[in-house]
Protein chains: 2
Amino acid sequence: MADPTPSTRDRLIHSGVTLFQERGFHGTSVADILTAAQAPKGSLYHHFPAGKADLARAAAHLASDLMLDIIARAYDPAEDFSGGTVRMCEKLARLFERQAHWRACPVQTLFLDGPLDRAEGERLLQSWIDATQAQGLRLHGPAPLTDAQRIWATLIGCWTFARIRGDAAPLRNMPDLLTLGETRSA
Amino acid sequence: MADPTPSTRDRLIHSGVTLFQERGFHGTSVADILTAAQAPKGSLYHHFPAGKADLARAAAHLASDLMLDIIARAYDPAEDFSGGTVRMCEKLARLFERQAHWRACPVQTLFLDGPLDRAEGERLLQSWIDATQAQGLRLHGPAPLTDAQRIWATLIGCWTFARIRGDAAPLRNMPDLLTLGETRSA
DNA sequence: TATGGTCTAGACTGATTGGTCCAATAATGA
DNA sequence: TCATTATTGGACCAATCAGTCTAGACCATA
């Protein structure tokens, strides 16, 4: 599955995703990345002329693509929309438990703490919502657009909750939060 | 209302809250804080012997206290629990629109990106949930404990959403998200 | 007015930062 | 084979980092 001999450029991006997602842009040094990627400085500035900022942008886009993959693999085999949502949360909870950098939501560490301008980060997050909405349409969910927005707002909150509690449970149980005992009076 | 002649120590903490909450611990330099607080280096290390980390801890605790204040002022005059929740979101939305550092949720920038250990950050967030739950009990909300948890998980997600969209609307409309068209099958 | 503790002021330091540069090497195509 | 380009390796640099140190200002109380 994994590339047996990844190129230096790929190792750099991969290390960038791992470290930036875990510690944020300002919490990660170029030296950290070079050590993790086993690459010399010259290679970084050859492949990413603008250096750390360039790499962080590439890492953010790769992380976004990975999330689109997770969305697809969660909903594709699902029988209904809510079942897909449960599958997605379970997948993210497993990643949370297995890999340190998945303890942080990429939106926080990759999109908001780095060289991406706000609009670019918004576009990446929107692509996740769009993908989720498309799955909602395909699976005849009740209100695909608003539900996709609700799912991601709630999911990001639960992810933060899970991180500060050091426990994947809030992430795993996120679907339970999509209803509430109390309804706001219109 | 505001102290007319705040002490150097108070100016340092206040600048710490502002800058750390806006840019995070690693994105803020000691020099930035000293400039904002109009204080010399000697004063910082006199009042906070461990320097930046000490100040960040104090800032996180102050920010947490400010949030407890906001919770109290939102729910105290409310007639019912959901009304108080709406008031709280409106207050946070106004702050979001008026002051740059309120664009970021303190949980993200103060509790998770800094010298606080995870457990201490969890304790601070828990104090917000406890305060909200107490208001739920007082106002006879339907399920104070679980609703307080739901409110904060959803609120943090909406806050992140608002930040990346550059618009307070998701924060202001958060109460609408507490119900969802679709209910997960038990 | 003396005295002693608190606080301010900022020069200074060593480590680390992100980034530049160029020689050496590997890969590519004529 | 040779020439050209792509890539690597790492020494080097200026800027910035957090933190130390000490001289003196300030402010109580005696």
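Numbers restart at 1 for each chain; the letters A, B, ... are given by sequence-line order, proteins then strands.
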Members of residues 13-21 of chain B that approach DNA chain C, where some heavy atom sits under 4.0 Å away
none
Taking only residues two or more places apart in sequence, or in another chain, which ones meet A/Y75 in a ring-ring contact (aromatic ring centres under 6.0 Å, His included)?
A/F81
Taken in chain and number order and not counting sequence neighbours, the residues that satisfy ring-ring contact (aromatic ring centres under 6.0 Å, His included) with A/F96 are none
Sequence neighbours excluded, the answer for side chain to side chain contact (heavy atoms under 4.5 Å, CB included) partners of B/T18 is B/H14, B/H101
Among pairs that include at least one residue of residues 87-100 of chain B, which meet side chain to side chain donor-acceptor pair (under 3.5 Å), considering only residues two or more places apart or in two chains?
B/E90-B/R94, B/E90-B/R172, B/E97-B/R172
With a 4.0 angstrom cut-off to heavy atoms of chain B, pull out the first and last contacting nucleotide of DNA chain D, in 5'-to-3' order.
D/dC17 to D/dT20
Non-neighbouring partners of A/R9 that pass salt bridge (charged side-chain N to carboxylate O under 4.0 Å, His left out), sequence neighbours left out
none
By side chain to side chain contact (heavy atoms under 4.5 Å, CB included), which residues pair with B/P115, not counting sequence neighbours?
B/F25, B/A53, B/A56, B/R57
Quick one: which residue pairs count as a ring pair (Phe, Tyr, Trp, His ring centres under 6.0 Å) with a foot in residues 113-168 of chain B, not counting sequence neighbours?
B/F111-B/W128, B/W128-B/W152
What residue pairs, at least two apart or across chains, pass ring pair (Phe, Tyr, Trp, His ring centres under 6.0 Å) with a residue in residues 32-71 of chain B?
none
For B/R138, the salt bridge (charged side-chain N to carboxylate O under 4.0 Å, His left out) test, sequence neighbours excluded, returns none
Indicate yes or no: does A/D176 engage B/R150 in a salt bridge with an N to O separation below 4.0 Å.
no
List the protein contact pattern of nucleotides 12-23 of chain C with one symbol per nucleotide (5' to 3'): B for base contact, S for sugar-phosphate-only contact, - for none; contact means a heavy-atom distance under 4.0 Å.
-----SBBB---
